[in-house]
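Read the structure below first, then the notes.
Heads up: numbering here begins at 1 and tracks the sequence. Start at 1 and go down the list; that is how both ligands and their atoms are numbered.
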Amino acid sequence: MKIWAHRGCSYAWPENTLEAFYAACKLPIEGIELDIQLSKDGRLVVIHDETVNRTTDGSGSVAEFTFRELRCLRIQTHPSKDGQKCFTSIPSMEEVFELIRPYCLKKGLLLNIELKNNVIPYEGMEDKILNMAKQFGLEDYVIYSSFNPDSVRLIKEKNPAARTGILASPVSACLEFAKSNPVDALHPYVKNLDITDLRAKTGLPVRAWNVKTYEPFYPSKDFVELQDLEELENAGVTDIFTNVPERYLNEERTNAL
Ligand code: G3P
Ligand code: CA
């Protein structure tokens with residue numbers, strides 16, 4: 001089973017921050033998943049929600065802030081040793097590429113960029129991210145995914161060599177898309193594997209994701225339900241996205257990578 005850090009190490013650190021990504025870079029894992037939105041002035045920023053309300057000290061839509069304004073918002077992280085509050089900020093996509101690049105080139109770390117364009121269909125997002133990956137020389141290390149099927153199609157139209165994954169809750173919906181569209185992987189919800197003989201139906205990687213009910217995010221200290229990897233493998237899952245990649249690393253797995 002291949003392990004991906006979902007929004008970085010997002011139980012140990014605030015999700016989708018440089019801190020969460022740096023922690024993930026150091027682990028012997030397959031890759032890092034992250035989410036992108038577009039600022040008012042057209043910059044790619046790494047944040048999951050369409051609004052800044054949940055993860056920062058601001059409020060409002062990401063699309064209504066300029067990049068400079070977004071940068072002023074604070075994301076609370078671990079306090080310093082003397083108990084002082086510490087903050088980080090929403091990263092730009094360029095910063096994340098810069099941070100991750102050496103780990104991609106040295107140890108083959110992959111990046112799954114989820115285009116968050118299923119709620120707001122951000123015009124031009126596909127071109128921006130494809131061009132940026134090229135500019136950083138990381139085209140071979142990126143997998144693009146979206147819950148917006150048109151966007152997954154568009155990525156392939158613009159660059160047939162780009163690797164894509166279709167996101168949907170039931171794996172049957174992912175499979176249906178794959179029947180009539182070029183796509184390189186299925187990205188279903190781990191609790192919605194509604195096809196029993198999955199491996200017989202597809203040779204594509206099946207990368208399953210979780211929701212916060214089972215895997216909370218920083219700063220929650222709630223119980224994390226670990227997946228039964230053997231069971232998932234038997235069900236045809238090849239990779240998992242997890243908020244707690246560090247908890248799946250045993251010695252055998254570490255040596256194998
Ligand atoms: O890309 C897998 C997963 O991240 C999709 O759900 O809501 O965590 O972005 P969400
Ligand atoms: Ca995501």
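- Close contacts between ligand 1 and Arg7 involve ligand atoms 7 (O), 8 (O), 10 (P) [criterion: under 4.0 Å to a heavy atom].
- Closest approach of Pro91 and Phe21 over heavy atoms only: CG-CE1, 4.5 Å.
- Numbered from 1 in the order shown, with element, the atoms of ligand 1 that lie under 4.0 Å from a heavy atom of His48 read 7 (O), 8 (O), 9 (O), 10 (P).
- Closest approach of Arg207 and Ala185 over heavy atoms only: NH1-CB, 3.2 Å.
- Of all the atoms in ligand 1, the ones that sit under 4.0 Å from a non-hydrogen atom of Glu33 are 1 (O), 2 (C), 3 (C), 4 (O).
- Taking the six-membered ring for Trp, Trp13 and Tyr218 have ring centres at least 6.0 Å apart.
- Under 4.0 Å from ligand 1, the heavy atoms of Asp35 that appear belong solely to its side chain.
- Note: angle at the Ca ion (ligand 2), from OE1 of Glu114 to OE2 of Glu33, is 100° (rounded to 10 degrees).
- In the vicinity of Lys116, heavy-atom distances shorter than 4.0 Å reach the ligand 1 atoms 7 (O), 9 (O), 10 (P).
- Closest of all the heavy-atom pairs between His187 and Trp209 is O-NE1, 2.9 Å.
- At the top of the distance list for atom 5 (C) of ligand 1, counting protein heavy atoms only, stands Glu114 OE1, 3.5 Å.
- Closest of all the heavy-atom pairs between Cys174 and Leu167 is SG-C, 4.4 Å.
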